[in-house]
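Chain naming here is simple, since letters A, B, ... match the order of the sequence lines and numbering starts at 1 in each.
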There are 2 protein chains.
Amino acid sequence: MPGRRKVGNLLALAVLSALVQQPMHPYEIATTLRSWGKDQDMAIKWGSLYTVVRNMERHGLIAAVESVREGRRPERTVYRITDAGRAELVDWARELVSTPVTEQSSFRAGLSVLAVLHPDEATALLRRRLARLEDGIRTAREAFAEHARSVPRLFLVENEYDLTIQEAEANWIRSLLAEFTSGSYPGLDEWRAFHEAGTAPGGATEGGSSTK
Amino acid sequence: MPGRRKVGNLLALAVLSALVQQPMHPYEIATTLRSWGKDQDMAIKWGSLYTVVRNMERHGLIAAVESVREGRRPERTVYRITDAGRAELVDWARELVSTPVTEQSSFRAGLSVLAVLHPDEATALLRRRLARLEDGIRTAREAFAEHARSVPRLFLVENEYDLTIQEAEANWIRSLLAEFTSGSYPGLDEWRAFHEAGTAPGGATEGGSSTK
DNA sequence: GGTCCTATACTCGTATGCGAGTAATCGGAA
DNA sequence: TTCCGATTACTCGCATACGAGTATAGGACC
């Protein structure tokens, strides 16, 4: 339970933002979100969607409108947003916008154990990341330009933000790589020495003996 | 299970990086991590720690060394890293460093529903965020400078990264705010109009009728 | 030398997350 | 006409995540 929200999953926010437009059944919500391009920043997990929707109903944020059975397909339950849901949407938006939270970042985690890799390998891997990142940025920029034709900028703010952050990361990696390759990074020699002596840096020297 | 890792929780990575130094019992791992300052980017959840450790043992990444009972305290099980664990640590580090993944960001989520707020409120909230962010950056910078006295820069890369990203976010917010306050942001008037007409933007006009 | 507060060191139960499975419909090719 | 694969629309159940609870030890203070 991240925080005090009745339904803490950010997927719930997406559901609210879809239902605020019009009543829908869960599958339609997913489709709408995907067409909206929200699936990029929030891969829709089927299992979660239905769990989240059920919980949202339980907490009165949404309410079932009808259960249609079209032909003999599985029953589709159509939901609409309630006033409580609308209030939650706004309140949640307020919180998310105004309060910075330190998010979990896998790259940060990777960096925190960067020392276990040989500096040359670390350099190569960072180059790899940079290349992929540049690729991703290019793609995102194109998709953004495409979308921007038909959608007002306000509805694409998150993408603009994303691009900015990714660029900042790319730049940071570039400058780190520059220090690595020029040899100006402090402690680079010790780092290299540790690894070439066949031991992990920061750890005690251990012969790699059998484990079992 | 994020990916194919036997134990996908990033906490497991932290555990490995602690145990690579020397065998420890779980509580000691937590303490070590905290002293290392890793708790900032990865709040240690007690429940998770023990679950993760158990799973890691099950998968052979770590192994129990001994179960000491000091006095009449609860039994403490000391774990050491195995060769498989060491291999996992390195392999995991490689992946995390080389492969960018689009992480979940609550701010991005917030931005994606920014339109549900009145532009004036959005502006105020962004100002609020910016102030808090600047505060956090200042604090982090000081902590970093302090640490940098005793710890080589290599072991603080993640913090450097973090600062860079946070600054990028702050700058982005600043420029967005500038556009909002100068009125140069496209669509600002429509945005305002939507809200002042008493309806959510992008949605159909709906009288706020009773819900139940 | 008794009491209180904090630190140590976990355990347990529950809510949640989510992959994998299921089943019906539909459009097109053979 | 029938078969096949894709699409629609969910359900189920297990593994995880994690808060809250528990219980002992040690030191400070009076």
Side-chain angles (χ1 to χ4, degrees), chain A residues 1-15 18 23-35 39 42-59 61-62 64-79 101 103-104 109, chain B residues 1-15 18 23-35 39 42-59 61-62 64-79 103-104 106 109:
Chain A
M1 291 146 236
R4 67 209 162 287
R5 303 271 157 208
K6 6 233 79 183
V7 181
N9 196 326
L10 282 180
L11 186 54
L13 186 80
V15 169
M24 292 181 226
H25 55 96
Y27 191 90
E28 198 182 350
I29 294 173
T31 313
T32 305
L33 255 25
R34 208 177 295 157
S35 80
D39 62 316
M42 162 152 304
I44 283 118
K45 327 286 175 96
W46 290 113
S48 304
L49 178 62
Y50 289 88
T51 310
V52 160
V53 164
R54 205 173 309 124
N55 288 347
M56 291 173 76
E57 187 185 15
R58 203 158 48 82
H59 289 289
L61 302 177
I62 61 178
V65 174
E66 46 169 358
S67 270
V68 195
R69 164 164 285 146
E70 208 169 277
R72 291 214 41 221
R73 289 200 217 166
E75 198 161 6
R76 298 176 314 174
T77 307
V78 177
Y79 293 93
V101 288
E103 226 91 35
Q104 171 120 303
Chain B
M1 287 150 239
R4 68 211 160 285
R5 303 271 157 208
K6 6 234 80 184
V7 182
N9 196 327
L10 281 179
L11 185 56
L13 187 80
V15 169
M24 293 181 224
H25 56 95
Y27 191 89
E28 197 181 352
I29 294 173
T31 314
T32 305
L33 255 25
R34 207 176 297 157
S35 80
D39 62 316
M42 159 151 310
I44 284 118
K45 327 286 176 94
W46 290 114
S48 303
L49 178 62
Y50 288 89
T51 309
V52 161
V53 164
R54 205 173 309 125
N55 288 346
M56 292 173 76
E57 187 185 15
R58 203 156 50 80
H59 289 288
L61 302 178
I62 61 178
V65 175
E66 46 169 0
S67 271
V68 195
R69 160 163 287 145
E70 209 170 278
R72 291 217 37 224
R73 289 199 218 169
E75 198 161 5
R76 299 177 313 173
T77 307
V78 177
Y79 293 93
E103 227 90 36
Q104 170 120 303
S106 56

[X] side chain N/O closer than 4.0 Å to the phosphate oxygens (OP1, OP2) of [N]?
X        : N       : value
Ser48(A) : dG17(C) : no
Arg34(B) : dT8(C)  : no
Tyr27(A) : dT8(D)  : yes
His25(B) : dT8(C)  : no
Arg76(A) : dT25(C) : no
Asn9(B)  : dT16(D) : no
Asn55(B) : dA15(D) : no

Atom pair distance, as rounded to whole Å: [atom1] in [X] and [atom2] in [N]:
X         : N       : atom1 : atom2 : result
Leu49(A)  : dC12(D) : CG    : P     : 16 Å
Ile44(A)  : dG17(C) : CD1   : P     : 15 Å
Gln104(A) : dA17(D) : CD    : P     : 10 Å
Leu11(A)  : dC18(C) : CG    : P     : 9 Å
Tyr79(B)  : dA9(C)  : OH    : P     : 14 Å

Could you work out which one of [options] sits closest to the side chain of [X]?
X        : options                   : value
Lys45(B) : dG19(D), dT11(C), dG17(C) : dG19(D)
Trp46(A) : dC10(C), dA20(C), dC18(C) : dA20(C)
Pro26(A) : dA17(D), dT16(D), dC10(D) : dC10(D)
Tyr50(A) : dT16(D), dG17(C), dT11(D) : dT11(D)

Check: side-chain contact (heavy atoms from CB on, under 4.5 Å) between Met56(B) and Val52(B): does it pass, once the steps are laid out?
Finding: CA-CA 6 Å; Met56(B) 292 173 76; Val52(B) 161; 3.6 Å; yes

Margin query: Which is more 5' along DNA chain C, the nucleotide nearest Glu28(B) or the one nearest Thr51(B)? Just name the residue.
Written below: Glu28(B)

Next item on the list: Give Arg54(A) one of three labels, base, sugar-phosphate or nothing, depending on what nucleic acid heavy atoms sit under 4.0 Å from its own.
Entry: nothing

Margin query: Just so I know, are the side chains of Tyr27(B) and Arg76(B) near enough to count as touching, which here means a heavy-atom distance under 4.5 Å?
Written below: no

Note to self: I want to check something: taking the side chain as every heavy atom from C-beta on, are Val78(B) and His25(B) in contact at a cut-off of under 4.5 Å?
What the structure shows: yes

Margin query: Tell me every residue that passes side chain to side chain contact (heavy atoms under 4.5 Å, CB included) with Ala30(B), counting only those two or more places apart in sequence or in another chain.
Written below: Ile44(B), Trp46(B), Leu49(B)

Checklist line | For Thr32(A), all residues meeting side chain to side chain contact (heavy atoms under 4.5 Å, CB included), sequence neighbours excluded | finding: Met24(A), Glu28(A), Trp36(A)

